[in-house]
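All heavy atoms count here, side chains included; hydrogens, waters and symmetry mates do not. Quantities reported herein were computed from a predicted structural model and do not represent experimental measurements. Letters go in sequence order (proteins before strands), and every chain restarts at 1.
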2 protein chains.
Amino acid sequence: MTAEAKPASPPLTERQEARRRRILHASAQLASRGGFEAVQMREVAEAAEVALGTLYRYFPSKIHLLVATMQDQLQHMHTTLHKRPPAGDDAAQRVADTLMRAFRALQREPHLADAMVRALTFADRSVSPEVDTVSRITTAIILDAMGLEHPTPEQLSAVRVIEHTWHSALITWLSGRASIAQVKIDIETVCRLIDVTAPRDA
Amino acid sequence: MTAEAKPASPPLTERQEARRRRILHASAQLASRGGFEAVQMREVAEAAEVALGTLYRYFPSKIHLLVATMQDQLQHMHTTLHKRPPAGDDAAQRVADTLMRAFRALQREPHLADAMVRALTFADRSVSPEVDTVSRITTAIILDAMGLEHPTPEQLSAVRVIEHTWHSALITWLSGRASIAQVKIDIETVCRLIDVTAPRDA
DNA sequence: ATCCAGTCTGAAACTTGTTCTAGATTAGCG
DNA sequence: CGCTAATCTAGAACAAGTTTCAGACTGGAT
């Protein structure tokens with residue numbers, strides 16, 4: 001389950017892969033400073049030592065770029081979490097722990113988190129495939145924490161609700177309308193759904 | 001409970017109130033056609049017969065304008081819902097019904113919904129007060145449906161989670177990544193938290 | 001009625017995302 | 001090696017959000 005599958009329409013050459021990487025790096029770098037607005041396409045291009053037109057060939061819009069940045073970061077987080085899986089009695093606890101751990105990771109770079117999450121929720125239909133990928137990774141993280149291989153439809157719904165809550169709570173925190181304590185409480189509240197939707201082993 | 005309180009820093013004259021109304025109307029009108037991108041400030045100004053600078057005096061950004069538009073629409077919806085409160089045995093059912101009713105109302109103008117919700121989640125700190133107002137109205141709608149006067153902190157958390165889910169599910173539907181059926185299921189799932197967090201009358 | 005401060009208008013200017021173009025470079029191929 | 005198609009670059013140009021400014025207008029105080 002290395003989950004590194006890329007559709008890879010045309011396989012990229014080495015230099016192209018390097019360019020792509022430079023671009024994503026520049027994007028994350030700039031985002032880590034001023035957040036969404038600081039990621040200016042001209043600056044990304046310059047920092048990545050790439051022409052503006054090339055940047056747009058790799059990522060057809062600023063939103064695409066930031067969503068791809070999020071994919072990248074989430075991938076990292078997923079493997080990191082894999083190394084130290086949450087210890088806990090029940091699934092709800094483990095999921096809540098995992099999400100709060102992710103949350104603290106994002107706290108370390110709040111501007112980056114801001115840029116990525118704002119892009120994610122602002123994305124329109126043209127970015128659906130990429131947003132879907134992010135969603136799949138998030139789902140995988142949560143299911144991992146739950147320790148489930150074959151979730152029921154009910155459980156999948158609960159997982160989606162948890163994801164919704166996570167994104168939205170993140171936004172309210174990032175825009176200063178909710179405290180970290182409140183986010184924690186709400187995450188724990190939504191995780192109760194895991195118990196509620198657990199299939200009775202009858 | 002007419003809930004018409006406006007901080008109203010400087011009380012607006014009649015003509016100013018009329019301008020404000022024309023602007024909001026133009027905004028909703030344009031949004032109903034092409035959604036977020038169709039709400040172009042120059043066009044709003046023209047349709048509202050107001051100079052561009054004036055538009056910006058009333059609403060300091062496109063996001064402010066659209067969030068204000070949402071406030072306006074939500075207010076309508078709240079009063080409409082008041083007239084025909086949901087009938088149902090338990091609170092969870094009533095809340096789910098209410099939200100799905102709101103959902104169907106938004107479905108009638110998907111482009112408008114798109115513009116408003118995208119603006120809402122994209123809003124940064126400078127729009128926090130306005131976004132908070134929207135959140136308060138939404139909370140009021142949900143608490144009304146629950147029939148609660150004095151919710152416990154636990155219940156308030158559940159309500160926030162429901163709001164998170166509502167916004168986020170709306171977005172996934174608007175961007176074509178979830179079906180209406182799925183939204184319905186997820187709304188019903190999250191509403192289970194209402195039962196779970198109901199205080200035991202012991 | 002007159003005057004002042006605040007408001008509104010029309011238009012230009014500025015910013016940043018996005019598109020376009022002409023010419024250089026690169027990659028793969030015979 | 002030499003050719004061709006794809007890719008990359010630099011830079012101009014365009015679009016829409018936002019800011020700015022000079023002058024006209026309005027509403028209220030004297």
Using a cut-off of 6.0 Å, state whether more than 12 heavy atoms not belonging to His25(A) lie near its atom NE2.
no
With the threshold set at under 4.0 Å for non-hydrogen atoms, list the residues of residues 57-70 of chain A touching DNA chain C in residue-number order.
Ser61(A), Lys62(A)
Residues touching DNA chain D, which here means a heavy atom under 4.0 Å, drawn from residues 28-44 of chain A
Arg42(A)
So, with a heavy-atom separation below 4.0 Å from DNA chain D, the residues of residues 109-119 of chain B are none
Let me know the distance between [atom1] of [X] and [atom2] of [N], rounded to the nearest Å.
{"X": "Leu52(B)", "N": "dC14(C)", "atom1": "CG", "atom2": "C1'", "answer": "13 Å"}
{"X": "Glu14(B)", "N": "dT26(D)", "atom1": "CD", "atom2": "C1'", "answer": "14 Å"}
{"X": "Arg22(A)", "N": "dC8(D)", "atom1": "CZ", "atom2": "P", "answer": "10 Å"}

Counting primed atoms plus P, OP1 and OP2 as sugar-phosphate and everything else as base, spell out the protein contacts along nucleotides 23-30 of chain C at 4.0 Å heavy-atom distance: B, S or - for each nucleotide, 5' to 3'.
---SS---
Taking ring-ring contact (aromatic ring centres under 6.0 Å, His included) as the cut-off, I'd like each qualifying pair that reaches into residues 32-72 of chain B, sequence neighbours left out, listed once.
Phe122(A)-Phe36(B)
OP1 or OP2 of dC8(D) under 4.0 Å from side-chain N/O of Gln16(A):
yes
Can [X] and [Y] be counted as an ion pair, charged N to O under 4.0 angstrom?
{"X": "Asp90(B)", "Y": "Arg192(B)", "result": "no"}
{"X": "Arg42(B)", "Y": "Glu46(B)", "result": "no"}
{"X": "Lys184(A)", "Y": "Glu188(A)", "result": "yes"}

Could you tabulate the donor-acceptor pairs under 3.5 Å formed by side-chain atoms of residues 100-113 of chain B, not counting sequence neighbours?
residue: Arg101(B); atom: NH1; partner: Arg84(B); partner atom: O; Å: 2.7
residue: Arg101(B); atom: NH2; partner: Arg84(B); partner atom: O; Å: 3.1

Does Arg125(A) use its side chain to pair, donor to acceptor, with the backbone of Ser175(B) at less than 3.5 Å?
no
